[in-house]
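For reference, the structure is listed below as structure tokens.
Bear in mind the structure is a predicted one, so any value in this text is a computation, not a measurement.
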Amino acid sequence: MTATPKSLCASILGFFRAPIRKAATLPELVRQVTDSLHDHGVKALILDDISRLRMHRADDQDVLDLIRAIRRGTAPSCQR
């Protein structure tokens with residue numbers, strides 16, 4: 001599976017068994033992820049195999065940027 005911001009969101013939401021609309025946009029998925037993390041009281045998010053991201057791939061760089069934005073609370077739709 002190729003890492004993309006949408007696939008990252010889908011994986012996180014799948015962990016929480018949250019429903020995912022097939023036509024959801026990235027901002028909608030990010031909002032759903034940040035809401036799920038907040039609702040479940042998540043203080044730390046451990047992502048296995050993050051070392052497999054390759055920074056020469058645009059999608060991988062986008063995934064890393066999204067992870068950083070979620071961590072900082074600056075991802076689109078992160079502000080409460």
Seminar exercise, completed: The reported gap from CG in Asp65 to CD1 in Ile70 (rounded to nearest 0.5 angstrom) is 11.5 Å

Problem set entry | Partner residues of Asp62 under the salt bridge (Lys or Arg N to Asp or Glu O under 4.0 Å) criterion, sequence neighbours left out | none

Can I get a per-line list of side-chain donor-acceptor pairs under 3.5 Å for residues 17-27, giving both atom names and the distance, sequence neighbours left out?
unit_1	atom_1	unit_2	atom_2	d
Arg21	NH2	Glu28	OE1	2.8
Arg21	NH2	Glu28	OE2	3.3
Thr25	OG1	Glu28	N	3.3
Thr25	OG1	Glu28	OE1	3.4

Exercise. Short question: side chain of His38, backbone of Thr34 - any donor-acceptor pair under 3.5 Å?
Worked result: no

Exercise. Would you call Ile12 and Leu45 a side-chain contact if the rule is heavy atoms closer than 4.5 Å?
Worked result: yes

For this session: Apply side-chain contact (heavy atoms from CB on, under 4.5 Å) to the pair Leu47 and Ser11, showing each step before the final yes or no.
Result: CA-CA 10 Å; Leu47 302 170; Ser11 293; over 6 Å; no

Problem set entry | Flag side-chain contact, heavy atom, 4.5 Å: Val42 against Phe16 | yes

Seminar exercise, completed: So CG of Leu66 and CD of Gln61: to nearest 0.5 Å the spacing works out to 11.5 Å

Problem set entry | Within-4.5 Å side-chain heavy-atom neighbours: Val63 and Ser7 | no

